Amino acid sequence: QPYTLKIPTNSVYKNVVDQLYNEKVINDALSFGFVSKILGYQEAVKPGLYKIDPKMNNLQLVRMLRSGRQTPVRVTFNNVRTKTDLAEKITTNLEVTKEQFLELIQDSVYIRKFDFEEETVMSMFIPNTYEFWWNTSAEELFDRMHKEYETFWTEERKKKAQAMGLSQKEVSTLASIVQAESQKADERPKIAGVYLNRLRIGMPLQADPTLVFAAGDFTIKRLTGVHMAIDSPYNTYKYAGLPPGPINLPDINSLDAVLNAEQHKYMYFCAKEDFSGYHTFAVTYNEHINNARRYQRALNAAKIF
């Protein structure tokens, strides 16, 4: 059967041959060792992940391992709320541990070299599927993600952000709020338009997901005055403007929803009482109150308190 060989960093030849023999990938450690010695592999072990075809002979196998011809692994991360979430997902198929990744992303001095702060560094990671070498180090992982970030921010996207008076980091922060507000990709540009309207006139964003983030409790289903009184820079009921950084990892759809926000006059929106996940939008506060009351009645009827 095909076999996946993982050679950890700092492994020596004995580690490799023992694993291959114990897993019955090779039948004769002595003949494998002879070929390895002739080709100089015993002193040239390269870490990584290697896919071994069952039809390979010793010569082909040793040549592949000596050349370091790895098979790349796929890394996918999305639906991320916290740095710990990101650490767990981004390291799933890699040798680097989540603890090693967390140590770097929480190192304010280290992340400054990428021009990010502790509050904004999450926006450097654009959710997607990427290919990496299995033995990619935590530092190499950061370097690659920074390159992907720069690739995402094309001149066209940068110009759109500038036209709205937002920095790239601010776009990410707003996109994280928009993403938390709606799972419906088709209405995110409209929600982004509401928040941009509020920002323009200095009105507090009053975004419920920022309160959930400030409370640190993602199980909250219904916010109360207690939550609105939390003294946190992420409390957008208490403080006007954008919070210090993203409240989750906004995906490409959410980022583009902000960059391509709808232009309209809506200042308010409220979840629809049919629990469809969509929202009802309003221009005036009175309209909004009527919409909110309908939704609150639906919550009460569903016994969501």
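Quantities reported herein were computed from a predicted structural model and do not represent experimental measurements.
Remark: Asp256 engages Arg157 in a salt bridge, criterion side-chain N to carboxylate O under 4.0 Å. A salt bridge is absent between Glu187 and Lys190: the closest approach of a Lys/Arg side-chain nitrogen to an acidic carboxylate oxygen does not fall below 4.0 angstrom.
At a cut-off of 3.5 Å, with distance as the only test, no side-chain donor of Tyr268 or Asn291 sits close to an acceptor on the other residue. There is no side-chain donor-acceptor pair under 3.5 Å between Arg74 and Asn93. The closest side-chain donor-acceptor pair between Glu287 and Thr284 falls under 3.5 angstrom. Side chains of Lys160 and Asn260: a donor on one and an acceptor on the other come within 3.5 Å. One side chain, Ser276 or Asp274, offers a donor N or O that lies under 3.5 Å from an acceptor on the other.
Residues Ser172 and Pro250 approach most closely at O-CG, 3.4 Å, considering heavy atoms.
Residues satisfying the salt bridge (Lys or Arg N to Asp or Glu O under 4.0 Å) criterion with Lys272, sequence neighbours excluded, are absent altogether. Every side chain to side chain contact (heavy atoms under 4.5 Å, CB included) that Gln42 has, sequence neighbours left out, goes to Tyr13, Ser36, Lys37. Not counting sequence neighbours, the partners of Glu117 by the salt bridge (Lys or Arg N to Asp or Glu O under 4.0 Å) test are Lys169. Residues that satisfy the side-chain hydrogen bond (donor to acceptor under 3.5 Å, both in side chains) test with Thr151, not counting sequence neighbours, are absent from this structure. Remark: Tyr41 pairs with no residue by the ring pair (Phe, Tyr, Trp, His ring centres under 6.0 Å) rule, at least two apart or across chains. Under the salt bridge (Lys or Arg N to Asp or Glu O under 4.0 Å) criterion, Lys14 pairs with Asp18, not counting sequence neighbours. Listed by chain and residue number, Tyr130, Phe132, Glu148 satisfy the side chain to side chain contact (heavy atoms under 4.5 Å, CB included) test with Arg144 (two or more places apart in sequence, or in another chain). Scanning for side chain to side chain contact (heavy atoms under 4.5 Å, CB included) contacts around Asn10 gives an empty result, with sequence neighbours left out. Not counting sequence neighbours, Glu103 has no partner by the side-chain hydrogen bond (donor to acceptor under 3.5 Å, both in side chains) test. Partners of Glu273 according to the salt bridge (Lys or Arg N to Asp or Glu O under 4.0 Å) rule, which considers only residues two or more places apart in sequence or in another chain, are Arg294. A search for side chain to side chain contact (heavy atoms under 4.5 Å, CB included) contacts involving Thr91 returns Val96, Lys98, Phe101, not counting sequence neighbours.
Every pair passing side-chain hydrogen bond (donor to acceptor under 3.5 Å, both in side chains) that includes a residue from residues 228-249 is listed here, sequence neighbours excluded: Asp208-Tyr237, Thr210-Thr236, Asp231-Tyr239.
The 12-atom threshold is not exceeded at OH of Tyr285, counting heavy atoms of other residues, nucleotides or ligands nearer than 6.0 Å. No more than 12 heavy-atom neighbours from other residues, nucleotides or ligands sit within 6.0 angstrom of CG on Leu30.
Note: Phe116 and Tyr149 have perpendicular aromatic rings, judged against thresholds of 30 and 60 degrees for the angle between ring planes.
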Criterion side-chain hydrogen bond (donor to acceptor under 3.5 Å, both in side chains) on Tyr3 and Gln19, from CA distance to verdict = CA-CA 11 Å; Tyr3 181 77; Gln19 183 178 346; 3.1 Å; yes

task = Check the pair Tyr21, Phe32 against ring-ring contact (aromatic ring centres under 6.0 Å, His included), reporting the backbone distance first and the verdict last.
result = CA-CA 10 Å; Tyr21 186 72; Phe32 180 81; over 10 Å; no

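By the 6.0 Å and 45° rule, Lys6 does not stack over the aromatic ring of Tyr50.
Rounded to the nearest 0.5 Å, atoms CG (Leu196) and CD1 (Ile191) are 12.0 Å apart.
At least one side-chain heavy atom of Ile26 sits less than 4.5 Å from a side-chain heavy atom of Asn58.
Between the Gln1 side chain and the Pro54 main chain, no donor and acceptor come within less than 3.5 Å of each other.
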